[in-house]
Number of protein chains: 2
Amino acid sequence: MSYRLPPLAALRAFESEARHLSFKKAAEELNVTPAAVSQQIKALETYLGLSLFRRLTRALEMTAQGRAMLPKIREGFECLAVAIETAAKTCDGVLNINAPPSFASRWLLPRLPGFAVAHPEIEVRLSSSADTVDRRGETSVSEDEFLDPRSAANKVVIRYGKGHYPGYRVEQILAPERIPVCSPLLATPQRPLAKPADLGRHVLIHDETIDAEEHLSGWAQWLSSAGAGGIDAERGPRFSNAVLAVEAALNGQGVALALRPLVAADIAAGRLIVPIDFAVPSPYAYYLVLPEAMARRPSVAAFCSWLIDEIARDDRQTTVGAGVKADGISRRRTGV
Amino acid sequence: MSYRLPPLAALRAFESEARHLSFKKAAEELNVTPAAVSQQIKALETYLGLSLFRRLTRALEMTAQGRAMLPKIREGFECLAVAIETAAKTCDGVLNINAPPSFASRWLLPRLPGFAVAHPEIEVRLSSSADTVDRRGETSVSEDEFLDPRSAANKVVIRYGKGHYPGYRVEQILAPERIPVCSPLLATPQRPLAKPADLGRHVLIHDETIDAEEHLSGWAQWLSSAGAGGIDAERGPRFSNAVLAVEAALNGQGVALALRPLVAADIAAGRLIVPIDFAVPSPYAYYLVLPEAMARRPSVAAFCSWLIDEIARDDRQTTVGAGVKADGISRRRTGV
DNA sequence: AGTGACGATTAAGTTCTTCTAAACCGTCGC
DNA sequence: GCGACGGTTTAGAAGAACTTAATCGTCACT
C-alpha cells in the first residue's frame, strides 16, 4: 500500500510554507532555520520533478501544481492528527499522576484539593515511586514502569533530575534551592545558630536521596559554599528520604538541608525556621514529564496548566526569598 | 495547524506492521532490519504513552488503541499519495527524454519508432545534451537543466556516469564494454589486424569524451589490458564526441574504441568489424534517471519498461558476445 | 527435559540524513 | 550607490536512524 510515500518531512515543510508564503516564517513555525526549509522544499521539488513555488523578489507565489496538491496534503495531515487523537482518547476520564514521595506529600498533596475544585470532572490518582534522583541524573525515564506504554491511561510524572527524558515532553517546573531548616526551638542562648560556624555545635540531619548522587554530600556542599570549612559535614543521622529528614527537623532533632519549596508551608506556619539564610542551588530540578501525545488531552492539559500556575503563584510569594538570598550572601561574607 | 505532528516515519512503520502483524515482514517491506522497525514502533508507543501491539510469543496482536487509529492513518497516507499524484498529473501527455548524443543517435533513435508503435498515445520529445561523463563521474544531476523542476513536464534522462544522482530514482540500463571497431576494409595483407600488436601499424581513433575523465586514456587502458605494451597509445586523431569517432571508423580512417551497444547495429550490418575480439569494461555505465514521483506516471512507466525490455532483448542477442569475449581473452594470451 | 530454531528486543557503533552557520546573490528602498 | 532583506548555497557539525551482534523467551522436535 504505502510502500512508496513521499518524503514526509518535506511535505510538512511545504504545507507550512504554503500557509505563510515565506521561508522565514515557515522556518520559525518549524523551529528551524530558513536554510533548512529551503533544502526540504528543494528536495520535494526534485522528488516531484516540478517546482512548487515561483520565487519572486519579495514574495513567493505557488505554482499551479503546488496549489493542486495542497488540499490533499492538509487533509492527509489532518487524518494523521485525528488518528493520534483517536488512540489517545480511549483512555480519558481519570488522570494518573506519579511523583517522588517528598514532592507528592509536601508540595502536591496539600494543593490537590484546589485542582479538584477547579476541575471536578477529572478523577485524579496520585502515586509516588522511589524518591531517588534518576540514575546518574540523566538517564531516560523509560525503565519507569509508571510511564510504561502497556498501561493505557492519561499519565503524567514528575521527576527530580537533570531533565533528560528522550522521547517525552519535558517541562521544568521548579529549580529549587536548598536551605537549612530546623525547629524554632532548636537554637538557645547556649547554642546559638546564627552563622554557619554555629552549625558545628548542632546536629546535621542528612537526606541520602540527595547525597547518593553527588560527589559531595549536601551538607558538605552547603558548608563549603557558606565558607564554614572547619566543620565535619558527615556526622549526624541519615535518612533515606527527604520526608523523613524534614520530619526529624520538625521534631527538633537537628538541622536539615531541605529543598525550599518543600518546606515553604512549614516555614510560613512557624513550624520550621531558616536559621541561616544562605541557599545553594540544587544541581537537579523538578520536571514534568509526559508522552507527547498526552499533552493535548484535556485532562492532562488542565493539570499541566494548573501546576504551572501554582508554581508561578509560589514564585510570586517567594520573590521575598530572592531578597533573603542576597542577604544570605552578605552574611556569608561576614560569616567567613 | 499541523505544527505538532506525530513522528511520521514511525507511523509508516506502524501501518506496515499492522498489515503484516510481524516485525520481520514489515522490515522487509520497508527495506530495513527488524531492529529498526522495533525501535520505530517503540518510539511511537513512547510518543503516545500507550502500547500498540501485544507481543505474544509467536504472533502479534493489536491493542484496541492500535486498531482504533489504523484506519485514519491509512486514510492520511492515502491522501498524501493522492496529493503527489495530483501534482504530477498536471503534466501528462508528452514525454521528454534527454540522453547523451551518442546514445541518442546510435542506440535510442533507431528504436524509437518501435516505442511509438507500441504507445501511439504518447508524444515523445527527444533531446540530447553534452556527451560528457558527469563531472568526476559521480556528481549530482542537479545542475542538469533538463531535470530542473522549473520546467514542469514528464521527463526522463539517460546519463553515462557512476550512477550517483541523489534524490532521483536511478536504474542502471547498460554496463557497456569497449571494443575496437574499424571498417572491414582497413586490414590488408600488408597491414594485418588480428592481434593487439598489429595495432602499432594502424591509426588509433580517440574519443575524448571517455579519455577526459580517466587517469588512463581509453586506448592506453585497452592496450595494457590486452597485453600490447609497446604501442604508443596517444597518437592518432581525437574527437570530442563518440559519434564522430565511430563515424571516422566507418569511414575507414582507423580503429576506434567504442561502446559495444552503440555499434552493435553497424557490426551486424557489416559496416564495422571487430578486428580483435577483446573487450574492456567501461568504468561508467548508462543510467536511467528520473524524479521519484515521475516513476508512476503512465507515460513514464511505459517508456521505462519498454527501454528495459529493449535492453533485455539486446542482451539475449549479445549472449553470443559473451562467448566472443571469452574467445578474446584466449586471443589475448596468444597475442602476448 | 534438553536443544535448536525463530522472532523480537536491546545496546553499541556507524552511517547517513538533516540542520546550522556563514557566506553569497539578487532585489528593493533609501 | 549602498544597506537591508529574504532566499539560496556550501561545508561542517549535530543528531537521528540503521545495522550488527548479542540476548531473551517461547515453541517444536528429539
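These numbers come from a predicted model, not from an experiment. We name chains A, B, ... by the order of the sequence lines, and we start the count at 1 in each one.
- The side chain of B/Ser38 places no N or O atom within less than 4.0 Å of a non-bridging phosphate oxygen (OP1 or OP2) of C/dA8.
- Rounded to an integer number of Å, the gap from CG of B/Asn31 to C1' of D/dA17 is 15 Å.
- Rounding to the nearest 0.5 Å places SG of B/Cys304 at 12.5 Å from CZ of B/Arg297.
- Regarding A/Phe53, its CZ atom lies at a distance of 13 Å from the C1' atom of D/dG7, rounded to whole Å.
- Nucleotide C/dG26 holds its C1' atom 18 Å from the CZ atom of A/Arg54, rounded to whole Å.
- At a threshold of 4.0 Å, the pair B/Glu15-B/Arg19 counts as salt-bridged, since one of the basic side-chain nitrogens sits closer than that to a carboxylate oxygen.
- Panel note: side chain A/Thr63, backbone A/Leu52; a donor-acceptor pair is recorded below 3.5 Å.
- The backbone N or O of B/Gly49 lies less than 3.5 Å from a partner atom in the side chain of A/Lys155, making a donor-acceptor pair.
- Rounded to an integer number of Å, the gap from CD of A/Glu61 to P of D/dG6 is 19 Å.
- Nearest nucleotide to the B/Ala35 side chain, out of D/dG7, D/dT20, C/dA8: D/dT20.
- Between A/Leu8 atom CG and C/dT18 atom P the separation is 11 Å, expressed in whole Å.
- Comparing C/dG7, D/dA21, D/dT10 against the side chain of B/Lys24 picks out C/dG7 as the nearest.
- The A/Val32 side chain lies nearest to C/dC19 when the options are D/dG7, C/dC19, C/dA22.
- Atom CD in A/Glu28 sits about 11 Å away from atom P in D/dG7, given to the nearest Å.
- For B/Ser16 and B/Glu29, the side-chain atoms include at least one donor-acceptor pair closer than 3.5 Å.
- Side-chain N or O atoms of B/Arg169 include none that pairs as donor or acceptor with a backbone N or O of B/Pro291 at under 3.5 Å.
- The side chain of B/Ala36 has D/dT19 as its nearest neighbour among D/dG6, C/dG7, D/dT19.
- Between B/Glu17 and B/Lys42, no side-chain nitrogen of the basic residue sits less than 4.0 Å from a carboxylate oxygen of the acidic one, so the salt-bridge criterion is not met.
- If you check distances only, the side chain of A/Gln39 never reaches the base of C/dT17 with a donor-acceptor pair under 3.5 Å.
- Close to D/dG6, at under 4.0 Å from its OP1 or OP2, lies no side-chain N or O of A/Arg55.
- Between the P atom of C/dA8 and the CD atom of B/Glu45 lies a distance of 13 Å, rounded to the nearest Å.
- The phosphate of C/dT10 (OP1 or OP2) has a side-chain N or O of B/Lys42 nearer than 4.0 angstrom.
- Salt-bridge annotation for B/Glu61 and B/Arg55: absent, with no side-chain N of the basic residue lying under 4.0 Å from a carboxylate O of the acidic one.
- Place B/Phe23 and A/Gln40 on DNA chain C by their nearest nucleotides, and B/Phe23 ends up nearer the 5' end.
- A rotation axis mapping the C1' atoms of four pairs onto the next four is fitted at both ends of the helix from C/dA1-D/dT30 to C/dC30-D/dG1 over five pairs, and the angle between these axes is 20° to 10 degrees.
- Of the candidate nucleotides D/dT19, D/dT9, C/dA8, D/dT19 has the atom nearest to the side chain of B/Thr33.
- Rounded to an integer number of Å, the gap from CD of A/Glu17 to P of D/dT8 is 8 Å.
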